[in-house]
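All chains are named by letter (A, B, ...) in the order of the sequence lines, taking the proteins before the strands, and each is independently numbered beginning at 1.
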There are 2 protein chains.
Amino acid sequence: MTGETARREAAEHLALTLVGAGMQRMGARALAAFLFSDKESLTAGDLADELGVSAGSVSGAVKMIVQMGLIERIHVAGSRREHFRMRDNAWTTLYSRQHSVVDDVLTAVEKGVEAVGPGLALERLAYMRDFYTFLLNEAPMLVERFEQQRRGGSRP
Amino acid sequence: MTGETARREAAEHLALTLVGAGMQRMGARALAAFLFSDKESLTAGDLADELGVSAGSVSGAVKMIVQMGLIERIHVAGSRREHFRMRDNAWTTLYSRQHSVVDDVLTAVEKGVEAVGPGLALERLAYMRDFYTFLLNEAPMLVERFEQQRRGGSRP
DNA sequence: GCGAACGTTCAGAAATTTCTGAAGGCTGGA
DNA sequence: TCCAGCCTTCAGAAATTTCTGAACGTTCGC
């Protein structure tokens, strides 16, 4: 029967899991609310009601997930409120963003490579650098491949 | 000249970056200490000295990164202390582990798909499910490809 | 222009995470 | 068996993160 309660429960469960994956609590809850809503867009007030938190908290959470590129601000004619909606490419965007964190790590490793002389440390650092460089190169292709597959089905 | 100070600085910088990527502070510092050491293995005492922290902290940090599969406990004949060393496949392991987090998220999403009726939410959830399923399938192949490339050089 | 509804910011409270230091247990040699 | 060194555990302190609520801008209808 997919009741309202089940829906909320599933949403909260996903939020919890995202927190486990490193996301901030309120951001995760807000994101889940978007995912599980059948509306095209939500206002800050809608979120506050749905999640049962203060307007301030919603403001912070929304700010964060907008910055992550997962939702966007839209203006709805005839409504005074600000509306937000999930972006179509939210998940591929999120994936790419995570790789910008990888990029930071890579930069730090490269500094390390320059800072140490020959030896075991250099070998380890070089290996790490190679692996993360590889990942960074491959990631865009992966996303590309997914989108292709989703659009067209099998390639020639 | 790659002095000792530069080495430590680079190590601390990498640790900080890893923290930014979601790792716990002390675990990250310990990991960086292993990476940047020219020794084959380190003892808990070595780490405490290098990082300037209590034995208790080291114990916790080591426990964590052992569990992550990044270092391993080894017994050195003639030494009473426990030695730890980085595992060869540390980075590919770490990458795979991160994908087990993805697996948790995927499970939660699938529950969501079952909990909602037809509508926008179902579409969004299904899209998310498809993307993460795709990633989970591709990840092992990526790692495989990296190792192949590293072993063999260019493919025919 | 005025007023009201909305959203944002920020200081402080609350909760959570992280580190330490002391106490205790295990291991190997004498 | 006893001792000494090393590691782990755990309760509490310290630091950090997270949430709230009130005050302040902004914008739109009138």
Quick check for you: among [options], whose closest atom lies nearest to any side-chain atom of [X]?
{"X": "A:Glu82", "options": "D:dC7, C:dT8, C:dT20", "answer": "C:dT8"}
{"X": "B:Ser54", "options": "C:dT20, C:dT9, D:dC7", "answer": "C:dT20"}
{"X": "A:Ser59", "options": "C:dT8, C:dC19, D:dT9", "answer": "C:dT8"}
{"X": "B:Arg81", "options": "C:dT9, C:dG7, D:dC7", "answer": "D:dC7"}

Atom [atom1] of [X] to atom [atom2] of [N]: distance rounded to whole Å?
{"X": "B:Met23", "N": "D:dT16", "atom1": "CE", "atom2": "P", "result": "20 Å"}
{"X": "B:Ile65", "N": "C:dT18", "atom1": "CD1", "atom2": "P", "result": "15 Å"}
{"X": "A:His75", "N": "D:dT26", "atom1": "NE2", "atom2": "P", "result": "15 Å"}
{"X": "A:Leu47", "N": "D:dT20", "atom1": "CG", "atom2": "C1'", "result": "17 Å"}
{"X": "A:His83", "N": "C:dA5", "atom1": "NE2", "atom2": "P", "result": "17 Å"}
{"X": "B:Met26", "N": "C:dG21", "atom1": "CE", "atom2": "C1'", "result": "14 Å"}
{"X": "B:Leu51", "N": "C:dC19", "atom1": "CG", "atom2": "P", "result": "11 Å"}
{"X": "B:Met64", "N": "D:dT9", "atom1": "CE", "atom2": "C1'", "result": "15 Å"}

Counting distance only, does the side-chain N/O of [X] pair as donor-acceptor with the main-chain N or O of [Y] below 3.5 Å?
{"X": "A:Thr107", "Y": "A:Asp103", "result": "yes"}
{"X": "B:Arg124", "Y": "A:Ser37", "result": "yes"}
{"X": "B:Arg129", "Y": "B:Val109", "result": "no"}

Could you tell me whether [X] contacts a base, only the sugar-phosphate backbone, or nothing, with contacts defined as non-hydrogen atoms closer than 4.0 Å?
{"X": "B:Val58", "answer": "nothing"}
{"X": "A:Gly60", "answer": "nothing"}
{"X": "A:Arg29", "answer": "nothing"}

Is the shortest side-chain N/O distance from [X] to OP1 or OP2 of [N] below 4.0 Å?
{"X": "A:Gln24", "N": "D:dT17", "answer": "no"}
{"X": "B:Arg25", "N": "C:dC19", "answer": "yes"}
{"X": "B:Lys63", "N": "D:dC7", "answer": "no"}
{"X": "A:Ser57", "N": "D:dC19", "answer": "no"}

Query raised in the report: Salt bridge check: are A:Arg8 and A:Glu50 linked by an N-O gap of less than 4.0 Å?
Result: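 Judged by the 4.0 Å cut-off on N to carboxylate O distance, A:Arg8 and A:Glu50 do form a salt bridge.
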Query raised in the report: Could you go step by step and tell me if A:Arg150 and A:Glu147 meet the salt bridge (Lys or Arg N to Asp or Glu O under 4.0 Å) rule?
Result: CA-CA 5 Å; A:Arg150 173 155 261 267; A:Glu147 283 173 344; over 6 Å; no
Requested in this report: Please tell me which of B:Gly56 and A:Val62 maps to the more 5' nucleotide of DNA chain C, matching each residue to the nucleotide holding its nearest heavy atom.
Outcome: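 On the 5' side of the pair lies A:Val62.
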